[in-house]
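Only a predicted model underlies this, so the values are computations on that prediction, with no experimental measurement involved.
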Amino acid sequence: VFPYEFQIKHDCTILCGIMSLFQSAQELSSAGEQSLASPLSVRIRPRNFEEFVGQEHIVGPGHLLRQAIDSDHLSSIILWGPPGSGKTTIARIIACKTEACFMQLSAVTAGVADLRAIVSDARKRRAFNGQKTILFVDEIHRFNKAQQDGLLPHVEEGTVILIGATTENPFFEIISPLVSRSRIFRLEPLSDSQIGTILDRCLTDSERGLAGDKVHLALDARDFLIQASRGDARVALNALEWATLNANPSAEGIRLLQVTNIEDALQQRMLRYDKDADAHFDTISAFIKSMRGSDPDATLYWLARMIYAGEDPGFIARRILICAAEDIGLAEPMALVLASSAAYAVEYIGWPEAQIPLAQAAIYLACAAKSNSVVKGIGLALAEVKNDAAPAVPLHLRNPSFSGAPEMEYGKGYHYAHDFPGHFIQQEYLPKELLFHQYYLPSDQGSENQILERLRALWTPWKKYDDSSP
């Protein structure tokens with residue numbers, strides 16, 4: 001009786017595995033065969049890497065991930081990138097190419113019971129027919145720590161091969177043991193030209209796209225849609241579809257999409273801001289001059305103009321960093337610290353939340369005391385170096401730690417400042433040819449006024465050397 005019962009259980013397990021595999025493959029490999037009721041972004045989804053646009057650095061021919069997928073030797077990976085960059089599409093292409101059973105979960109809705117069921121089926125497949133199971137977890141950062149801990153042993157022992165997709169930094173949002181057992185692949189926002197390629201393909205595709213609707217996208221509307229999508233292909237396609245559905249066809253059946261149609265679809269007004277033309281440079285110039293001029297309201301206005309127009313937040317962060325060093329300097333040393341923190345926040349939390357730390361840093365810089373003494377100081381020193389004959393380092397300042405240095409009197413006569421009252425002793429730090437040359441001339445603004453007073457107290461009267469100097 002026992003062998004007979006075992007055979008029944010074995011056959012049922014195999015049948016369940018086949019049904020699960022069939023259902024999974026049917027759901028995931030039919031992305032390009034969706035009905036016309038499916039959203040355009042689903043219908044037009046690439047079916048293979050020949051149709052895939054962008055992310056050449058990881059799925060281009062010859063790259064590691066592409067080779068692993070083509071050879072069906074994939075190990076656990078985490079795809080990290082902004083929305084609409086192709087994470088789910090890569091997973092679906094893997095589903096079409098692999099001989100493993102491909103299962104999908106959304107961390108937003110799935111629970112521990114769903115995970116246990118998949119793992120149980122995966123064990124049976126591996127035990128009875130040696131078939132691998134690939135588990136795609138979308139928005140994996142939404143799994144809490146306990147759920148991630150529950151997934152870890154099954155990834156470690158190879159019961160499932162994990163493909164995690166996340167918009168958040170996995171090094172912060174996913175437990176480190178799971179990260180260490182996976183390869184991290186970072187996806188970048190799609191470029192303007194790549195978004196344009198996707199739109200053009202959609203407009204000329206009669207099978208899955210909009211060619212049958214005779215859609216004509218005006219050039220300025222196309223540019224606006226590309227700019228407003230901010231590298232998110234899904235946003236671009238959804239807006240294009242919505243604009244098409246609400247555009248009245250002409251007598252010839254042509255649907256002409258103008259800027260107003262795209263504005264209505266996006267609920268966003270077009271702003272003249274060509275990233276390669278005068279409007280771009282004029283706006284950033286106004287932004288910097290407003291911070292330099294201590295006007296927080298104007299600073300926020302020009303910042304909002306750039307944010308609304310889709311300016312690269314990294315570019316804005318870099319300009320704030322430059323302003324902190326160039327226009328504020330040591331008058332308010334925390335300005336550079338806050339600007340650096342804002343630049344880090346842009347990378348860490350992403351868009352659109354990053355606009356808040358950018359605004360915080362910009363307001364702080366606008367309200368801070370101003371000084372360009374640092375810029376002047378390094379400029380004077382560089383000019384000196386460029387024009388002088390590079391005098392030798394004074395003997396007492398040279399490195400005395402190598403053999404032969406004592407005989408050459410390297411370091412002889414040097415006074416260690418910490419051995420003296422106030423941790424200061426007057427001595428020569430410049431070559432004799434440059435004595436009394438001054439490069440850093442602090443202003444009387446903010447913290448720099450305190451620096452000025454300290455230097456005056458040390459080098460009275462604001463000279464580094466006098467008759468009593470050693």
- Message: To the closest 0.5 Å, what do you measure between CD1 (I163) and OG (S76)?
- Response: 8.5 Å
- dist E157:CD -> L152:CG (nearest 0.5 Å) comes out at 10.0 Å
- If only atom types and distance count, is the side chain of D200 paired as donor or acceptor with the main-chain N or O of T197 below 3.5 Å? no
- Message: Side chains of E448 and S443 only: does a donor on one sit below 3.5 Å from an acceptor on the other?
- Response: yes
- Message: Is there a side-chain contact between T159 and T133 in this structure, where contact means two heavy atoms from C-beta onward sitting under 4.5 Å apart?
- Response: no
- Message: Under a 3.5 Å distance rule, please check whether R222 uses its side chain to pair with a backbone N or O of L217 as donor and acceptor.
- Response: no
- Expected output: side-chain Q147 to main-chain N144 donor-acceptor under 3.5 Å: yes
- Donor-acceptor under 3.5 Å (T204 side chain, R201 main chain): yes
- Query: Do R66 and E50 meet the salt-bridge criterion of a basic N to acidic O distance under 4.0 Å?
  - Reply: yes
- Note on the structure: Heavy-atom closest pair (G84 atom, D232 atom, distance to 0.1 Å) is CA-OD1, 3.1 Å
- Task: Give a yes or no on whether the backbone of S85 and the side-chain of Q55 come within a donor-acceptor separation of less than 3.5 Å.
- Result: yes
- Message: Please give me the minimum heavy-atom distance between W80 and T167, naming the atom from each residue.
- Response: NE1-O, 3.9 Å
- Any idea how Y344 and Y348 line up, ring-wise: parallel (<30°), tilted (30 to 60°), or perpendicular (>60°)? parallel
- R181 side chain to P177 main-chain N or O, any donor-acceptor pair under 3.5 Å? yes
- Message: Is it true that, when you exclude R183 itself, more than 12 heavy atoms of the residues, nucleotides or ligands shown sit nearer than 6.0 Å to its CZ?
- Response: no
- Between atom NZ of K87 and atom CD1 of I140, what is the distance when rounded to the nearest 0.5 Å? 12.5 Å
- Message: Looking at N129 and Q131, would you say the former's side chain and the latter's main chain have a donor-acceptor pair under 3.5 Å?
- Response: yes
- Task: Please name the pair of heavy atoms, one in A325 and one in V374, separated by the smallest distance, quoted to 0.1 Å.
- Result: O-CB, 4.5 Å
- Item | Step-by-step salt bridge (Lys or Arg N to Asp or Glu O under 4.0 Å) determination, E51 to R92 | CA-CA 13 Å; E51 295 180 356; R92 289 179 178 270; over 6 Å; no
- Report yes if the side chains of L210 and I44 come closer than 4.5 Å at any heavy-atom pair, otherwise no. no
- Query: Quick one: does D72's side chain have a donor or acceptor within less than 3.5 Å of a partner on E99's backbone?
  - Reply: yes
- Could you verify whether a donor N or O on one side chain and an acceptor N or O on the other, from E168 and T166, lie under 3.5 Å apart? no
- Are any non-hydrogen side-chain atoms of I288 and I322 less than 4.5 angstrom apart? no
- Task: Kindly determine whether R43 and S38 satisfy side chain to side chain donor-acceptor pair (under 3.5 Å), including the steps that lead there.
- Result: CA-CA 6 Å; R43 300 199 311 267; S38 300; over 6 Å; no
- Would you check if V155 and V160 make a side-chain contact, meaning some heavy-atom pair closer than 4.5 Å? yes
- Could you walk me through whether L151 and L115 pass the side chain to side chain contact (heavy atoms under 4.5 Å, CB included) test, one step at a time? CA-CA 8 Å; L151 181 59; L115 184 59; 3.7 Å; yes
- Message: What I'd like to find out is whether the side chain of L256 reaches to under 4.5 Å of the side chain of H216, using heavy atoms alone.
- Response: yes
- Could you tell me whether D70 and K97 have a side-chain N and a carboxylate O separated by less than 4.0 Å? yes
- Do C96 and R47 touch side chain to side chain, with heavy atoms closer than 4.5 Å? no
- What do the steps show when you test L65 against L74 for side chain to side chain contact (heavy atoms under 4.5 Å, CB included), and what is the final call? CA-CA 8 Å; L65 181 57; L74 192 68; 3.8 Å; yes
- Run through K376, K289, K370, R292 and flag the one making a salt bridge (Lys or Arg N to Asp or Glu O under 4.0 Å) with D327. R292
- Item | Minimal non-hydrogen separation, A339 against A361, with atom names | CA-CB, 4.4 Å
- Would you indicate whether the side-chain heavy atoms of F136 and T88 approach each other to under 4.5 Å? yes
- Message: Between L266 and L225, is there a side-chain heavy-atom distance shorter than 4.5 Å?
- Response: yes
- State whether the side chain of H141 and the backbone N or O of A107 hold a donor-acceptor pair below 3.5 Å, judged by distance alone. no
- Is the closest basic N to carboxylate O distance between R319 and E311 below 4.0 Å? no
- Item | Q194 side chain to S191 backbone, donor-acceptor under 3.5 Å | yes
- Task: Please report the shortest heavy-atom distance between Q67 and S71, naming the atom on each side.
- Result: O-OG, 2.8 Å
- Check against side chain to side chain contact (heavy atoms under 4.5 Å, CB included), K132 and I161: CA-CA 8 Å; K132 296 182 293 185; I161 297 170; 3.9 Å; yes
- Item | Exercise: identify the closest heavy-atom pair between V59 and G54 | CG2-O, 4.0 Å
- Task: Go through the steps to decide whether R305 and F287 satisfy the test side chain to side chain contact (heavy atoms under 4.5 Å, CB included), and finish with yes or no.
- Result: CA-CA 10 Å; R305 283 270 291 260; F287 175 63; over 6 Å; no
- How many angstroms lie between CG in L178 and CD in Q148, if you round to the nearest 0.5 Å? 6.0 Å
- Note on the structure: Rounded to the nearest 0.5 angstrom, the CG-CD1 distance for N169 and I349 is 12.0 Å
- Roughly how far, to the nearest 0.5 Å, is the CG atom of L203 from the CD1 atom of I198? 12.0 Å
